Asks: 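Sharing a structure with you now.
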2 protein chains.
Amino acid sequence: MKLEEAKTQFIQVWGTLGTDWGINRTMAQIHAVLLLSPKPLSMDQLMEELSISRGNVNMNLRELIAWGLVRREIIPGERREYFVGEKDIWEVAKCVMRERKKRELEPLKKTIDKLVKVTPDPTSEEYQTFINVTKDIQKIADGVDTLLTRLTQVERSWFVEKIVHLFTTKKKRK
Amino acid sequence: MKLEEAKTQFIQVWGTLGTDWGINRTMAQIHAVLLLSPKPLSMDQLMEELSISRGNVNMNLRELIAWGLVRREIIPGERREYFVGEKDIWEVAKCVMRERKKRELEPLKKTIDKLVKVTPDPTSEEYQTFINVTKDIQKIADGVDTLLTRLTQVERSWFVEKIVHLFTTKKKRK
DNA sequence: CATAATTTTCAAAAAATATTGAAAGTTTTG
DNA sequence: CAAAACTTTCAATATTTTTTGAAAATTATG
């Protein structure tokens, strides 16, 4: 396969992945283009590459910067701004984990913590079910929180090489 | 807080969570209603509870069943069908992990496996970047695959109680 | 400070996604 | 097997999300 075709396919697959993850397609595609570019790119180059409007590039770049996946780069002597994507995919993954933990897990935990305090009524079956489910969610959410915190702390080499042994060790305890 | 209010809030927060995860709001809300119900519910009860149409309930229930989060329940002597939601949240989490692994991770891996075979051109900087990024994604995707496979095998008690120690053991190696 | 280069904003338009509801389909019952 | 009870489908509609593009804002340059 020729490089150009492969790049197109990559941009497409990364866009689909983004959509699956609730990230808009264009945002993911801009990220893909930056991932594959050895050099920083300007807004005009991104508009050209993806055939999209300036406003669209601008908004999605801002969002990518907020996620920590892209940063501005000023090239001395150049008037216009350039953008660089984080190329270490483990760093990208950690960014996404941190961001989603902050935006989704933490609000969930806050709400659930309130809900488990609902006025008790031990005779009601409805109450029992409610309290069981919410307390269960609370426990799992804590587990996910711990997992994400730990994962965002480990090095890429650890993740890539050691994760296979993660559960095997524990299983021996049985 | 009164139970009714708490239920409403729960349905709302679960719906938001669904939206964040690329699952449609109504599907998540139907799931929430079933989670909180001690008894199986009929389509009519769900329509009533969420003020949505029959067609909508039907389609979203079908999707929930496909995900393995809800099952049909036939009550002897009753003509109409009833539905029950899986209430063990760890089971719910495992369902979601399995389903997304199948729908997202596996297709990604398949495509990336093709893309890393792009025609080599060692002199091109573009080629180098492409191959570095795709091979990196390949490694991380394998790691994620392993992690998900392992996670979907462990018991809820393990996840809730032992996950805290997961990385501490490994860190001692340093 | 006036002009030019570039970025940002945001209302309007387009595209994508979700919902309705009525008709068609299916299963049960007498 | 006809009628009743219930479920499924899907074209039309409504809602939500994304994109555009031109005007406003900002920043650099002479």
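So you know, we letter chains A, B, ... as the sequences are listed, proteins then strands, and number each from 1. Since this is a predicted model, take the numbers as computed values, not measurements. Computed over heavy atoms, backbone and side chain alike; hydrogens, waters and symmetry mates excluded.
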Asks: Nearest whole angstrom, please: distance from the C1' of D/dA5 to the CD1 of B/Ile75.
Replies: 16 Å
Asks: Can you measure B/Glu78 atom CD to C/dT29 atom C1' for me and round it to whole angstrom units?
Replies: 15 Å
Asks: Strictly below 4.0 Å: does A/Arg80 bring a side-chain N or O up to OP1 or OP2 of C/dT6?
Replies: yes
Asks: Calculate, to the nearest 0.5 Å, the distance between atoms CE and CD1 belonging to B/Met59 and B/Ile52 respectively.
Replies: 12.5 Å
Asks: Figure out the CE/P separation between A/Met47 and D/dT20, and round it to whole Å.
Replies: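 That distance rounds to 9 Å.
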Asks: Answer yes or no on whether B/Arg100 is positioned over the face of A/Trp21, meaning its NZ or CZ is under 6.0 Å from the six-membered ring centre and within 45° of the axis.
Replies: yes
Asks: Rounded to whole Å, please give me the gap between CG in B/Leu64 and P in D/dT8.
Replies: 14 Å
Asks: Take the protein atom CE of A/Met27 and the nucleotide atom C1' of C/dA16, then report the distance between them rounded to whole Å.
Replies: 19 Å
Asks: Is the shortest side-chain N/O distance from B/Asn58 to OP1 or OP2 of D/dT7 below 4.0 Å?
Replies: no
Asks: Do you reckon A/Ile30 sits in the same ILVMFWY cluster as A/Ile65, going by side-chain contacts under 4.5 Å, direct or chained?
Replies: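 Hydrophobic grouping puts A/Ile30 with A/Ile65.
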Asks: Do the side chains of A/Leu148 and A/Met97 get nearer than 4.5 Å, heavy atoms only?
Replies: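 SC-SC contact between A/Met97 and A/Leu148 confirmed.
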Asks: Over how many whole Å does the gap from B/Ile52 atom CD1 to D/dT15 atom C1' extend?
Replies: 15 Å
Asks: Starting at the 5' end of DNA chain D, which residue's closest nucleotide do you reach first, A/Arg54 or B/Tyr82?
Replies: B/Tyr82
Asks: Choose from C/dA5, D/dT19, C/dT7 the nucleotide whose nearest atom is closest to any side-chain atom of A/Asn24.
Replies: D/dT19
Asks: Which residue, B/Ser51 or A/Asp44, contacts DNA chain C at a nucleotide closer to its 5' end, judged by nearest heavy atom?
Replies: A/Asp44
Asks: Would you mind reading off the distance between B/Glu81 atom CD and C/dT26 atom C1', rounded to a whole angstrom?
Replies: 11 Å
Asks: Choosing from C/dT8, D/dT8, C/dT19, which nucleotide comes nearest the side chain of B/Ser53?
Replies: C/dT19
Asks: Select from B/Met59 and A/Met43 the residue whose nearest nucleotide in DNA chain C is closer to the 5' end of that strand.
Replies: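 Final value for this comparison: A/Met43.
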Asks: Answer yes or no: does a side-chain N or O of A/Arg62 lie under 4.0 Å from OP1 or OP2 of C/dT9?
Replies: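 Yes.
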Asks: Figure out the CG/C1' separation between B/Leu61 and C/dA18, and round it to whole Å.
Replies: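 In whole Å, C/dA18 C1' lies 15 Å from B/Leu61 CG.
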Asks: B/Asn56 has a side chain; which of D/dT19, C/dT7, C/dT19 sits nearest to it?
Replies: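 That would be C/dT19.
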Asks: Is B/Arg79 side chain donor-acceptor paired with the C/dT27 base, going by distance under 3.5 Å alone?
Replies: yes
Asks: Kindly determine whether A/Asp20 and B/Arg103 satisfy salt bridge (Lys or Arg N to Asp or Glu O under 4.0 Å), including the steps that lead there.
Replies: CA-CA 9 Å; A/Asp20 289 340; B/Arg103 295 177 191 207; over 6 Å; no
